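Here is the naming used below: chain letters follow the sequence lines, and residue numbers restart at 1 for every chain. Just so it is clear, the structure is predicted and the values come from calculations on it, not from any experiment.
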Amino acid sequence: MRKIFPAEELARDSRFIRQTNEQRLGDPRGARVAGGNTSERLAKLTPDLANGPDRARALMHGIFVGEIQALEGAGRTCWDFEVGEDVPLELKLDMARQCWDEARHCEISVSLAEHMGTELGEFAENGLLYEAACNPDPVLRLTGVNRALEGLAIDVFNTMKEFGNMAGDPVLEFCEDWMLADEVTHVKMGSDWLRRLTENDKERLDKALEFQKVVDRLFSFNGFRGEDDDSPIQLTRRFRELAGFSDDEIDEIADMSREARVEAAS
Amino acid sequence: MPQVSVTPESFEMVFYDAAVIGEVISEVAERLGVEETITLEIDEGSPLGRSKITSYDPIELWVDGGALENTQRPRQFGEARSRDTIGRLLLRILDRRSGRFNETPADDELDLMQFAAWDVHCVGRLERLGIGGQRQRRLYQFRNRHGFTDVADAAFEQLWDSSELSWTEIERISEDCRTV
């Protein structure tokens, strides 16, 4: 079986339609994000919005395909690297555990899609998460996926959990809460392995953190994820702390979002 | 077949064809028994899904480009979604003309709960005509407005399954959920 499996060859049945990043970012109406669009003045996702339930459905579908790709990415990390030469066995065990979590999240997401009236494949799939999981350096891969993307997942799950709470929807609220707990663990794994594997390699640490920033920036359209009250997706400081982010790192993400927001407004 | 006028005639930001859109609207209108001319204005620059009736007589409709979009293939025309969007608007026009909706407030005075309840009644009828559907999606929207309760679910069933409710009945069904 080959190593580093290309994103364009991931197995999907006919229900799923892939949208490339070029197509997504090249949409003259603005890119799709957070169940909405960068061209609209995206408000915080709440049930009170006229399009709130539909935005929640679209966002949940994005989470679902993200779970599939996270499962594929963690699975590849178990296979793509050799124990001893590239990574310690314990890292692979963590990735195997993550596969188990992601598979469970896929099943939960399918049930939630049914609950919310969404057909699987109803919305276009973007493959950016898996693409980040193709990095040939395991440290950069874990930093890009587990810290940047799973970090974003923490913010998204918390936002959806609050959405469920506000709507009085216990199914959504509890499902998101359980998945959120797993995401904190995944991000913590990323933080721990980043520090352990770069303990004596400052250059690799810097490269990994730079890669994380690149991935974070790719997901910061118009600063949709931030700490302002009206940010569509709320940056979740407390859970990020639990996941091994320092205050400075969280501040940096918040600043990046704020700058992107100002840039978009101008 | 009713005449349909679509604005704009050509599109720059999405891959829509005004003639195809006109055909779909015309077919939906015919199946609903609408015979007069329909004017549709599309804001192609907006990927949102808003839609509204700007004039009841003559019939003039306005939609975001996103309300006619294929969600699997962004910027492409979505026939099923368009049938749902146009079908709901035309049914609302027919409802208001029926005499059963004389008490209905103006569209811009309706709140989200009232709109959700009326939409359920419209889409239920469209589904039986083979025009629209997505029953679970409508139930989810209805629950978001009326509560995730057995009472709300029973109200949804009533709105969905009924063929000819009046505005007074729709409002009463919606109101009954609010008191739970």
Participant: Quick check: does any side chain N or O of Gln136(B) sit under 3.5 Å from a backbone N or O of Thr118(A), one acting as donor and the other as acceptor?
Facilitator: no

Participant: Side chain, backbone, both or neither: which part of His61(A) has a non-hydrogen atom closer than 4.5 Å to chain B?
Facilitator: neither

Participant: Just wondering, more than 12 heavy atoms not from Asp150(B) lying within 6.0 Å of its CG?
Facilitator: no

Participant: Less than 4.5 Å to any heavy atom of chain B: does that hold for the side chain of Leu49(A), its backbone, both, or neither?
Facilitator: backbone

Participant: Quick one: what part of Glu44(B) sits under 4.5 Å from any heavy atom of chain A, side chain, backbone, both or neither?
Facilitator: backbone

Participant: Could you tell me the separation between the CZ atom of Phe163(A) and the CG atom of Asn144(B), rounded to the nearest 0.5 Å?
Facilitator: 5.0 Å

Participant: Please check if atom CZ in Arg128(B) has more than 12 non-hydrogen atoms from other residues, nucleotides or ligands closer than 6.0 Å.
Facilitator: yes

Participant: Give, as side chain, backbone, both or neither, the part of Leu112(B) having an atom under 4.5 angstrom from any heavy atom of chain A.
Facilitator: side chain

Participant: With salt bridge (Lys or Arg N to Asp or Glu O under 4.0 Å) as the criterion, how do Arg137(B) and Glu122(A) come out once you've worked through the C-alpha distance, each side chain's angles and the decisive distance to 0.1 Å?
Facilitator: CA-CA 12 Å; Arg137(B) 172 189 168 200; Glu122(A) 185 176 330; 5.6 Å; no

Participant: Do Pro74(B) and Gln19(A) come within less than 4.5 Å of each other through their side chains, counting heavy atoms only?
Facilitator: yes

Participant: For Met13(B) and Pro28(A), which heavy atoms make the closest approach, and how far apart are they?
Facilitator: CE-O, 3.5 Å

Participant: For Arg18(A), is it the side chain, the backbone, both, or neither that has a heavy atom closer than 4.5 Å to a heavy atom of chain B?
Facilitator: neither

Participant: Does the side chain to side chain contact (heavy atoms under 4.5 Å, CB included) test come out yes or no for His115(A) and Arg143(B), once each step is laid out?
Facilitator: CA-CA 11 Å; His115(A) 171 68; Arg143(B) 284 169 166 172; 3.9 Å; yes

Participant: Taking all non-hydrogen atoms of both residues, which atom of Pro53(A) and which atom of Tyr140(B) are closest, and how far apart?
Facilitator: O-CE2, 3.8 Å

Participant: Looking at every non-hydrogen atom in both residues, tell me the closest pair between Phe148(B) and Pro170(A) and how far apart they are.
Facilitator: CB-CD, 4.5 Å

Participant: Can you say whether Arg145(B) sits under 4.5 Å from chain A via the side chain, the backbone, both, or neither, judging by heavy atoms?
Facilitator: side chain

Participant: Which one of Glu114(A), Met166(A), Arg15(A), Arg57(A) has the most heavy-atom pairs closer than 4.5 Å to chain B?
Facilitator: Arg57(A)

Participant: Between Glu125(A) and chain B, which part of the residue has a heavy atom less than 4.5 Å away: side chain, backbone, both or neither?
Facilitator: neither

Participant: What do you reckon, is CD of Glu9(B) surrounded by more than 12 foreign heavy atoms closer than 6.0 Å?
Facilitator: no

Participant: Counting N and O atoms only, with roles assigned by atom type, does the side chain of Gln134(B) sit under 3.5 Å from a partner on the main chain of Glu119(A), one being a donor and the other an acceptor?
Facilitator: no

